[in-house]
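Notes follow the structure.
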Amino acid sequence: MAMEKTFNASEAEARIYEMWEESGAFKAGANASREETFCIMLPPPNVTGSLHVGHAFNHTIMDMLTRWKRMQGYDTLWQPGLDHAGIATQLMVEKDLAETQQPKRTELGREKFLEKVWEWKAAKGGTIEQQARRLGDSMDWSRSAFTMSGAESAPEGEKPGNFHDAVLKVFVKMYNDGLIYRGKRLVNWDPHFETAISDLEVENIEVDGHMWHFKYPLAGGETYEYVEKDEDGNVTLRETRDYISIATTRPETMLGDGAVAVHKDDERYAPIVGKLCEIPVGPKDQRRLIPIITDPYPDMDFGSGAVKITGAHDFNDYEVAKRGGIPMYNLMDTKGAMRADGKPYVEEAATAQAIANGEQDFDEAMIAAMNMVPEEYRGLDRFEARKRVVADITAEGNAVMTTQMVKDDEGEEVETTVPYVEAKKIMQPFGDRSKVVIEPMLTDQWFVDTAQIVGPALDAVKEGRTKIMPESGEKVYYHWLENIEPWCISRQLWWGHQIPVWYGPSKSNDLLLSDDNLSELNFEKRKAFCAEDKAAAETLASEYYGSAFAVSAIDSDSFVANTGQRKEAHPIGVAAGLTGDKQRIVISRDPDVLDTWFSSGLWPFGTLGWPAEDEAMKYFPGDVLVTGQDILFFWVARMMMMSQAVLEQDPFHTVYLHQLVRDAKGEKMSKTKGNVIDPLDMIDAYGADALRFSNAQMAALGGVLKISEDRIKGYRNFGTKLWNAFSFAEHYEIAYPGDAVRPKATQTLNKWIIGETGKVRETVDAAMEAYRFNDAADALYAFTWGKVCDWYLEFSKPILQGDDAAAKAETEQTLRWVLDQCLILLHPIMPFITEELWGLAANRAKMLVHADWPTYTASELVDADADREMNWVIDLIDNVRSARAQVHVPAGAKVPLLVSGLDAKGQSAWDNNHVLIQRLARIESLAHVDDFPKGCVTIPMSGGTFGIPLADLIDVAEEIARLEKTMQKLGKELGGLRGRLNNPKFVASAPDEVVAEAKANLALRENEEAQLKAAIARLEEIG
RNA sequence: GGGUGAUUAGCUCAGUUGGUAGAGCGCUUCCUUUACACGGAAGAUGUCGGGAGUUCGAGCCUCUCAUCACCCA
């Protein structure tokens, strides 16, 4: 059957992929011939995800590595899987419910909603795994993992798995080891999803904002001399003030102020430090007074230098408030509206005043319960409240005023006073999923005490156990880990791993309870029981309360309350006994789920069956992690911390980081810009191999990744070139004896290409080992196209068409072998077309995907004489062609060639290869002459000078110009060489081989120069 | 404001311990020659962002300035 004209990618790729998958070619351990394992964990895409160029890029890298190692006989696993992606998935399903007019999440309730999520996952999740197959990914699909597998909510029929076990086991272990705790801290709160989110899920975006300036009047109408000075100490302003001026971008938070802070060195405010001032908002009769304190935080040169401290709604203020013991009043509910719960404002304000005056003790819980929002603002959205607060303060005359020129009714410019409001760019935090403004909120959350587990993860990199590539990633890694914050791991969502903690009442002493000392139970203060399941939690609780009571653990569904406070776990309590006559203590489960990244942090071993004993654990620790540098902190650092915390091992020895994939102009791809390149479109148009080759080629370490359709197209052409090399073989009816064997070559030509193959194999392996995939791709491109196709195939033609049967047989065998090597070496990058071409031969021992990767070396295969000779031949052909073109010899015309002073080596090179030279340079004959005739094109070569007599054809002036141009180039080079060699310091200080090389080079160039000079002289005689 | 990286041919980018610059695409000219026009042959284009320093020698090392990008505040 004759080969098609080109490779039909769309037809062949599907067929070949199916062949691989059905034969189990990608299964863990397939083709293994040695003990060593090689394992890559796929960064699990979101279950909601679809394949984009970033995936296409890093999948190419991972697949190249995996296929390469598999061909080398390693026990290989590329582990696939999906991430349940808490927020993203919950959002997607909620949207879906809305679009299909189904009840909302909150109407469904937790259990029903989770059923919907699983249904959605079964129907629509994981399309990315199908798309990945189109790229040719050689993952072991039979092992595909899911970060929620084995969860209580998973329905029947869901693929089995035990990732949930791993998550719970790790949580309980870390809890018991004191690495996880619950506490009230300021966290990033997403008012849309009504959940805490991590620092990393917040995007800070610069937006247009305003800076308002307000007067906080001093208590009791007190006054002070306010003095401003310039840099030289000259007084620029002096006035008597009865207020302190405060600048803020968030006036609505004034209601929760606990203090005003100034810098201790700020002389302007020194007279009033320690006094009280009034928050100028809220009912006039209950204005709260707050202290003026000093703190290092305020910047004297920014705004007025005085800062209001709202500990519950700003991260900087939070630190100040903690330092100063300032109460932090939470003003907002979970939706970001002003709180509407609690006691009337009059009462709350009175309590707050007592606290500010130091007349009343307070604790965290008490402050949390207080609602400092006056009735007129309660229930308002935070942005509406802002407008109202600004309007109210301004109306009352407490806005700082400034002058401005405006046009009056007659169009005259007049000066008028207006409130001082600066229009200003401010950095505002947005939720990366919800796109709403994030509110710092003081809530109870679970945290991993990262400071305790960060050490081994830092050491892994510092001590070189884990290498980050490119190296610049290491600095970034250190910087982040050395300044790591506690990791908030609880999320107020439903889709995720529910926190395995149950709460019950605490006891006021250590004694076990008996049924008559129930009063020892404190329902206000909760006792947490952390266990892997309900039964274990009950056991823990029984041990705590004593055998006089039965304990029953329940799930708690939504935790109502619009208090602005984190929803409380309830109910807890004592119920009439159902079993015998014992009373029951009810403990209920924490409703929150874990941050998605908590479970993905366990990916390196959770996918391998852990905590069960599983043979697959032999693949842990894995080898290389390939991922975008944007998730270095999100995920990579956490895997490293968690692997150490749980298994005391590093999860991998190398981290390969790459940048975001951009469009050809280097811009981020976005739907709004319309510059999104869909990798599947590229595959449809040019085939997966072309896309993969393009990916490999742009994979320079640390490089910017710009994907360009032209480039992909170019590599499609490369595939066609390779294809045509095989149709060349078919055309010459070269037999294909199954796996080609390397011949013991006698022909210079064959020796040469075999040596070149040895060189490229070494280059490719070295590049792959160094993760320099672009070098591997470039080397293979240059070899296949530039050496094999451009020269070897052309050179082989005369032999293949000739009469020397032995030479012909040897060349055929060499050609087959060389082409096979191209297929093997290119296979990790271009798996489809190479497998297809491999299949042209019957009687293959194995599919190409399992073919043996070669180990021959350049030193084994390179024949120095053959190498020199063929390069001389190529050089001569190049020179003749170039000369011909420049003096306009018709391309088809055959010309005679003259040579003068040819040495023995040159003669032998000519004799061995004249057929090739004559064919490729279109030479009719060679004649030895002592002197070139007039009107002759000169070609200087090492070992002799060649000439083409063109008496009538030649344009003397043009030929002189050509030679002089060559002379110029040569002159530049000679100048450099002579300059260096004449410099005694160079000869003295440069390494010997560099000097020797320069000398040899100089001799060569001088020889050329002499030939050229002679040629020009001859021409000038005619001219 | 802090950090990281970039600045090399018209475009997109390589350039591994410092030894005198490369690829692909594009462009110009020629060629439909029995593997391939998704091809072949030939060719042009670079004070390697500016400046200074170290060195016999700098695209590469050091300092500085400029512009851009990304990450973190």
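Excluded from the calculations below are hydrogen atoms, water molecules and symmetry mates; all remaining heavy atoms, backbone and side chain alike, are included.
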What's touching nucleotides 53-59 of chain B from the protein side, N or O pairs under 3.5 Å?
| residue | atom | partner | partner atom | Å |
| --- | --- | --- | --- | --- |
| C56(B) | O2' | Asn983(A) | ND2 | 2.8 |

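Between Lys999(A) and G19(B) there is no side-chain N or O to OP1 or OP2 distance below 4.0 Å. The phosphate of G24(B) has neither OP1 nor OP2 within less than 4.0 Å of any side-chain N or O from Lys713(A). Put simply, Thr6(A) has no side-chain N or O that comes within less than 4.0 Å of OP1 or OP2 on C36(B).
Between the CZ atom of Arg711(A) and the P atom of A14(B) there is a distance of 9 Å, given to the nearest Å. Rounded to whole angstrom, the span from the CG atom of Asn724(A) across to the P atom of A37(B) amounts to 7 Å. Going from atom OH of Tyr715(A) over to atom P of A14(B) covers 12 Å, rounded to whole Å.
Residue Tyr732(A) is classed as a sugar-phosphate contact, given heavy-atom separations below 4.0 Å to backbone atoms only. Across all strands shown, Arg716(A) has heavy atoms under 4.0 Å from base atoms, whether or not it also approaches the sugar-phosphate. Among the atoms of the strands shown, only primed sugar atoms or phosphate atoms (P, OP1, OP2) are found under 4.0 Å from some heavy atom of Lys5(A). Nucleic acid contact class of Glu794(A) (heavy atoms, under 4.0 Å, all strands): base. Contact annotation for Asp878(A): backbone-only contact, meaning every heavy-atom pair under 4.0 Å involves sugar-phosphate atoms and none involves a base.
Glu794(A) has a carboxylate O that lies under 4.0 Å from a charged side-chain N of Lys797(A), or vice versa, which qualifies the two as a salt bridge.
Side-chain contact of Asn58(A) with Thr627(A): a donor-acceptor pair under 3.5 Å is absent, judged by distance alone.
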Please tabulate, one pair per line, all N/O donor-acceptor pairs under 3.5 Å involving side-chain atoms of residues 716-729 of chain A, not counting sequence neighbours.
| residue | atom | partner | partner atom | Å |
| --- | --- | --- | --- | --- |
| Thr720(A) | OG1 | Arg716(A) | O | 3.2 |
| Trp723(A) | NE1 | Glu4(A) | O | 2.8 |
| Asn724(A) | OD1 | Ser727(A) | OG | 3.3 |
| Asn724(A) | ND2 | Thr720(A) | O | 3.1 |
| Ser727(A) | OG | Asn724(A) | O | 3.1 |

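Comparing the same atom, P, in G53(B) and in A14(B) gives a spacing of 30 Å after rounding to whole Å.
With distances taken from any side-chain atom of Asn717(A) to the nucleotides C38(B), A35(B), U33(B), the minimum falls on C38(B).
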